[in-house]
Amino acid sequence: MYALEVNNLSKSFNSLKAVDNVSFTVPEGSVFGLIGRNGAGKTTTIRMMMNIYMPDAGEVILRGTKIGQEFKDKVGYLPEERGLYKKMKVMDTLLFLAELKSKKGRGIEKKALDYLKRFELLDRKNSKLEDLSKGNQQKIQFIASVLHDPEFLIFDEPFSGLDPINTDLLKDIILEKKEEGKVIIFSTHLMDFAEKLSDHIAMIDHGKIILKGSLNEIKSQYAQRNITIEVEGDSSFLEKVDFVEKVENFGNSIGVRVKESSQSQDLLKLLVQNNIKVNKFAANEISLHEIFVTLAGKDANNVK
Amino acid sequence: MLNKRTITIIKRELKVRLFSRTFIIMTLLIPLFMFGILGLQTYLLNYSGSENALLIIASESQRVLDNVQAELKLIPKNHEGELKFMFEKLEKSKLEERLSNIRLQILEEKITGLVFIPDQALKNKKIEYFSKNPNNNLLLNKLKPSINKVLTDMYFVGRRLSTEELEFAKNNVDFNGYRISADKKIEEEGIGNTVLSFLFTFLLYMSLLFIGQMTMTSVIEEKSNKIVEVLLSSVSSKELMAGKIIGTSITGLAQMAIWISPLIILLSTTWFVLPPEFTLKLSVWHLVFFLYNYFIALITFLGLFATVGSIFDNPQDAQSGIWPIMMLIIIPFFISIGMQTNPENQIARIASFVPFASLIVMPARITLVDIPLIQLIISMLINIAAMILIFILAGKIYRVGILITGKKPKWSEVVKWFKYNY
């Protein structure tokens, strides 16, 4: 059973097709990363999932039924562009946003205080938001997104503009919520974070999904195509082998990419047949970044 | 639409607006500002400049001069500058010579001017005034009554008329207005209702503009603050807009109720007695209608102001979008003010059934004349229909507008938003 199914979502703005027939599934209890560079369609997709935008086509299914207000009540949302009422006090803001999610009363107040304490902001509970530093304002926004104990957490570019300490805090929350069995969906253009945090991903580029599934499966699938070898003897013939896609000589070692993962064994056989002494033969771990660059092409190099 | 989420938004609006220092300040400030504007207007219209004036009053007849001199002494002195006179007997044939003598002094403004009262004036009241600025009506208006009195008196003095007969001739006609109303009473009409209808019009005008601007700014703020996306993750754009407008409207209504509370006390108790010329022909129902009407006006106009706020992401750009709405308030305001001279004029009659205009014209009109109940009901229905229509249309633009930032949108784009499937 999937917690959330996104089926064939499309959205255009004037002539621009921002999201083009996007489908993916988010399993229960998973941390799901929606990955793509800026302007790829991540925020538009998330806004449609949040029912902020109406899709031109497609639907989002929450545990078997189409999303509506019920989903909004169950979600904690951290938008990419953060913002709060500047003139409102910290505690008032938290309670107001919780009340919009139908959570109020003593319990939620206590919880708000607990979170403030944890984030070392307890002494600022009666300060106006505008008197807080930007980092602290972001902390308040995190708290607001999790205070009502949502079943789903949707974070749009949660790490952008964060200092390392806040980044760690947010990572902690994500992992903590994962352990509580919540579903966490986040979008990012930072492959590094996506790789460390998520167990399922969907990669989006120019409004289209170019890759999706469990991160482990994806990585193993791609990893076996990249092989690092250390050999003695002339290995230059490799470049002419038809199932080899690319050879990169790093001096001590050589990186070889085969066309299909099953061909790694063929490569080893070929080396032995050609009397090359193989000192090392390693099907590499491949980074998400490399996978993305492979799929999205050269212009994706600006993605970190 | 009025669910718990909308109510949460309303509660926040009330907390921010109604229970805030700004509310108290604005509640005090708007009436002050209003009276300030009225006072300033009166002051400017009557301002004659503080410079002193020196006039030469010349006449062919010594008797005229003596009489005028005696009369002018009666002009009350005021702080707007001293009025000085020099009296001299002058033959008409010498007038030109005399004028060329003082020409330089007049040009240098040492002498303000020369008033020449020829003998002929005793028959036709034609007087000549020579000055660098012969159109100074304020100055001439000060002299007119005195000279007129002298000439009239002298004209009639040989004709054996009694003082009473003279007084009668000089008096103007005085109309006393009596209102004939449906309840069969004929009552003398004081100026109380006219003053009140002015008051209602001004209050409506000022507060709609103030609260409208305030709502617009707060929508722009939410948009540029980016809080709107956080809110939309919990509520729909319709709930957000409704909550905001209803919350602000309640605040506005409370403010208006405070402003007209002296009237409520005046009408429902006998604690105060007004002088007869200010007596109000008004019932508490008029005030109830006024407040009800104001509430509808707030929701209608705030819908428009919020929409404009949602289209733009900074107040400077929004100014360009706000003028059509200002016109919807300002034009009825002028109709309403113009109506004071004749509340049953055609434009006022029509305007009280035109959406938007009705909201501003009707309350003023109802204080001046009796409006048949059926007309009142029709206008109320029109206003409610307009309000609902505005709410629907505004909602369509609002839901698109609040999420769009960056470039200032063209009007043609805004029109397209109606069709957007957001």
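Proteins get letters first, then strands, A, B, ... in listed order; numbering begins at 1 in each.
Residue A/M88 touches chain B through its side chain alone, counting heavy-atom pairs closer than 4.5 Å. Neither the backbone nor the side chain of A/N51 comes within less than 4.5 Å of any heavy atom in chain B. At a 4.5 Å heavy-atom cutoff, the contact between B/E222 and chain A is made by side-chain atoms alone. At a 4.5 Å heavy-atom cutoff, the contact between B/I9 and chain A is made by backbone and side-chain atoms alike. Contacts of A/K104 with chain B are made by side-chain atoms alone, with heavy-atom separations under 4.5 Å and no backbone atom involved.
Heavy atoms only, all atoms of each residue included: B/L302 and B/S249 are closest at CD1-OG, 3.6 Å. Summarising the geometry of A/S30 relative to A/H200, their closest heavy-atom pair is CB-ND1, 3.9 Å, with the distance given to 0.1 Å.
The choice from A/P79, A/S145, A/A144 that makes the most heavy-atom pairs within less than 4.5 Å of chain B is A/P79. Annotation: maximal heavy-atom pairing with chain B below 4.5 Å, among A/R47, A/K86, A/M48, occurs at A/R47. Among B/V228, B/V235, B/I227, the residue with the largest count of heavy-atom pairs under 4.5 Å with chain A is B/I227. Most heavy-atom pairs under 4.5 Å with chain B: of the set A/H148, A/M50, A/Q141, A/E99, this distinction falls to A/E99. Comparing B/K226, B/R5, B/R12 by heavy-atom pairs within less than 4.5 Å of chain A, the highest count is held by B/R12.
Two residues are said to be in side-chain contact when any heavy atoms from C-beta on lie closer than 4.5 Å; A/V26 and A/F152 fail this criterion.
In this structure, A/F142 has its ring center at least 6.0 angstrom away from the ring center of A/F155.
Checked options A/L116, A/L95, A/N126, A/N136; the residue passing with A/V90 is A/L116 (criterion: side-chain contact (heavy atoms from CB on, under 4.5 Å)).
Summarising the local packing, CZ of B/F33 is surrounded by 12 or fewer heavy atoms from other residues, nucleotides or ligands at distances under 6.0 Å. Residue A/K111 places its NZ atom among more than 12 non-hydrogen atoms of other residues, nucleotides or ligands, all under 6.0 Å distant.
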